[in-house]
Amino acid sequence: MITPVISATGLWTPPNSVSNEELVESYNAWSDKWNAEHAADIESGAVEAKTHSSVEFIEKASGIKSRFVIDKSGVIDPELMRPSIPERPNEEISVLAEMAVKAARQALEAAGRDPKDIDAVLCAASNMQRAYPAMAVEIQDALGCDGFAFDMNVACSSATFGIQTAADYVRSGSAKSVLMVNPEICSGHLNFTDRDSHFIFGDVATAVLVEAEDIAPAKHWKILGTKLKTQFSNNIRNNFGFLNRAAPEGIGQADKLFVQEGRKVFKEVVPMVATMIGEELERLSIEPTELRRMWLHQANANMNRLISSKVLGREASDDESPTVLDTYANTSSAGSIIAFHKHSDDFAAGEKGLICSFGAGYSAGTVFVERAA
Ligand code: COA
């Protein structure tokens with residue numbers, strides 16, 4: 001069988017960063033205004049007053065200190081509380097495709113790969129900007145790739161599901177070079193007026209080039225094994241869709257944006273992922289001690305601490321389980337790929353690591369890799 005490898009990765013980071021302080025200041029200003037507007041109902045007990053968010057809570061509960069966003073001004077404007085990203089005419093490249101192309105070009109350049117040699121483009125992300133044509137087809141066109149392209153959405157697990165899909169094409173011989181991109185404009189589906197979650201997400205784009213070993217550059221990552229799992233849960237959900245398009249816009253539309261039962265997610269997903277990693281280690285005959293690093297999904301620092309300690313049987317060091325949460329926040333499918341992209345250059349040939357994602361669905365994916373050369 002043909003061995004699939006990761007030839008290169010790419011990362012595009014938006015220029016604007018929003019600190020917890022800035023985000024909390026705008027949320028608190030918005031909530032004060034909301035309370036003033038609803039003073040009579042609060043007084044009568046019909047509605048509850050909004051309480052302030054806090055920088056200390058956010059950092060302690062999540063490990064997040066700041067996040068990058070496509071549009072900063074709208075997100076921190078108490079009058080708006082959402083990104084203001086102007087609509088573009090159809091003749092212009094769409095925002096989501098544009099950021100994916102930037103990350104993709106980096107990956108192609110790093111591998112010395114001509115776009116013409118790409119057989120397939122997969123756009124694997126949480127929220128596509130539109131229904132169709134597929135974002136991936138627009139990205140394929142902008143890059144000048146041949147072959148075929150399609151979108152896939154498995155929420156925060158989209159990248160590992162995309163890597164396995166790409167690897168399966170390579171294994172079967174139906175493609176030799178597959179470009180998988182994860183453009184995430186999470187600020188577009190985050191409710192900045194929800195104190196429980198307004199701090200969680202950021203925007204970014206990543207790219208992963210999955211290829212057959214025989215055409216890959218000497219410095220690549222052998223894919224040792226991939227495993228995917230899904231299990232239905234309503235604990236992370238976003239009901240936005242065509243069937244509710246006539247509903248009034250904005251605040252009061254809370255479940256048409258990201259909502260979650262954070263505590264339940266934490267409790268249910270940690271054991272599911274730790275068990276899955278353990279079973280995959282066994283199936284691939286890899287000892288936990290052989291794992292030089294785990295590039296885990298970046299949703300919550302405490303969650304990652306718990307998962308990595310269940311896998312290793314002790315607390316993982318920052319080197320063994322690096323975080324990008326502090327500066328990027330949760331970037332959905334892109335998180336584990338950012339961690340891999342930024343923290344993998346120091347690997348020597350033969351060293352092994354794990355890319356792992358988990359999120360809504362529930363969904364979880366593992367990709368065990370080994371550095372070649
Ligand atoms: N500022 C200050 N206080 C806040 C707050 C904020 N922004 N948000 C919530 N709180 C308060 C709550 O009201 C609650 O107060 P109470 O104890 O008086 O009721 C307290 O802080 C604890 O809230 P809770 O939501 O239970 O916090 P938590 O410790 O569970 O942390 C998450 C919240 C979301 C960070 C955490 O549950 C988590 O990360 N879960 C997993 C999420 C995940 O991975 N999701 C996948 C997304 S893809």
Query raised in the report: So, Ser197 and Asp194: side-chain donor and acceptor under 3.5 Å apart, yes or no?
Result: yes
**Report entry** Pair His341, Thr9: side-chain N/O donor-acceptor within cut-off below 3.5 Å
**Finding:** yes
Query raised in the report: Do other residues, nucleotides or ligands put more than 12 heavy atoms under 6.0 Å from Phe240 CZ?
Result: no
**Report entry** With sequence neighbours excluded, residues passing salt bridge (charged side-chain N to carboxylate O under 4.0 Å, His left out) with Asp32
**Finding:** none
Requested in this report: Mark yes or no for whether Arg88, through its side chain, and Ile93, through its backbone, hold a donor-acceptor pair below 3.5 Å.
Outcome: yes
Report task. Kindly assign one of parallel, tilted or perpendicular to the pair Tyr169 and Phe150, based on the angle between their ring planes and the thresholds 30° and 60°. Result -> perpendicular
Query raised in the report: Would you say Asp318 has more than 12 foreign heavy atoms packed within less than 6.0 Å of its CG?
Result: no
Query raised in the report: If you measure from the Lys or Arg side-chain nitrogens to the Asp or Glu carboxylate oxygens, is any gap between Glu22 and Lys72 under 4.0 Å?
Result: yes
Query raised in the report: Is the closest side-chain donor-acceptor distance between Asp151 and Tyr132 under 3.5 Å?
Result: no
Query raised in the report: According to the interplanar angle, ranging from 0 to 90°, do the rings of Phe347 and Trp295 count as parallel (below 30°), tilted (30 to 60°) or perpendicular (above 60°)?
Result: tilted
Report task. Check the side chains of Ser333 and Ser158 for a donor-acceptor pair under 3.5 angstrom, ignoring hydrogens and angles. Result -> no
Query raised in the report: Side chains of Asp119 and Ser177: do they bring a donor and an acceptor to under 3.5 Å?
Result: no
Query - Beyond-backbone contact of Leu108 with Ile118, side-chain heavy atoms, under 4.5 angstrom - result: yes
Report task. Can you establish whether the number of heavy atoms outside Lys342 located under 6.0 Å from its atom NZ is more than 12? Result -> no
Report task. Classify the side-chain pair Asn330/Arg67 by whether it contains a donor and acceptor separated by less than 3.5 Å. Result -> no
Query raised in the report: Side chains of Ser233 and Glu268: donor-acceptor distance under 3.5 Å anywhere?
Result: no
Query - Flag if over 12 foreign heavy atoms under 6.0 Å of CD, Glu282 - result: no
Report task. Might you confirm whether atom CD of Glu92 has over 12 heavy atoms from other residues, nucleotides or ligands at distances under 6.0 Å? Result -> yes
Query raised in the report: Just by distance, with hydrogens left out, do Ser317 and Asp319 show a side-chain donor and acceptor under 3.5 Å apart?
Result: no
Query raised in the report: Going by an N to O cut-off under 4.0 Å, is there a salt bridge joining Lys227 and Glu279?
Result: no
Query raised in the report: Are any side-chain N or O atoms of Glu184 and backbone N or O atoms of Ser126, one a donor and one an acceptor, separated by less than 3.5 Å?
Result: yes
Query raised in the report: Hey, are Glu138 and Ser94 close enough side-chain-wise for a donor-acceptor pair under 3.5 Å?
Result: yes
Query raised in the report: What about Tyr27 and His198, are their ring centers closer than 6.0 Å?
Result: yes
Query raised in the report: Passes side-chain contact (heavy atoms from CB on, under 4.5 Å), Met135 versus Gln129? Steps please.
Result: CA-CA 8 Å; Met135 299 308 306; Gln129 172 173 348; 4.1 Å; yes
Report task. Look at the aromatic rings of Trp34 and His38 and report parallel, tilted or perpendicular, splitting at 30° and 60°. Result -> parallel
Query raised in the report: With no hydrogens and no angle check, do the side chains of Asn239 and Arg237 hold a donor and an acceptor under 3.5 Å apart?
Result: yes
Query raised in the report: More than 12 heavy atoms of other residues, nucleotides or ligands under 6.0 Å from CD of Glu25: is that the case?
Result: no
Query raised in the report: Passes side chain to side chain donor-acceptor pair (under 3.5 Å), Glu211 versus Ser7? Steps please.
Result: CA-CA 6 Å; Glu211 301 192 306; Ser7 288; 2.5 Å; yes
Query raised in the report: Do any N or O atoms from the side chain of Arg195 and from the backbone of His52 form a donor-acceptor pair under 3.5 angstrom?
Result: yes
Query raised in the report: Short question: side chain of Asp203, backbone of Ile70 - any donor-acceptor pair under 3.5 Å?
Result: yes
**Report entry** Check: Phe340 ring centroid to Trp221 ring centroid under 6.0 Å
**Finding:** yes
Requested in this report: Would you kindly confirm whether Tyr328 and Phe258 end up in one hydrophobic cluster when ILVMFWY residues are joined by side chain heavy atoms under 4.5 Å apart?
Outcome: no
Query raised in the report: If we only count heavy atoms from C-beta on, is the Ile223 to Arg171 side-chain gap below 4.5 Å?
Result: yes
Report task. Evaluate whether atom NZ of Lys33 has more than 12 neighbouring non-hydrogen atoms of other residues, nucleotides or ligands under 6.0 angstrom away. Result -> yes
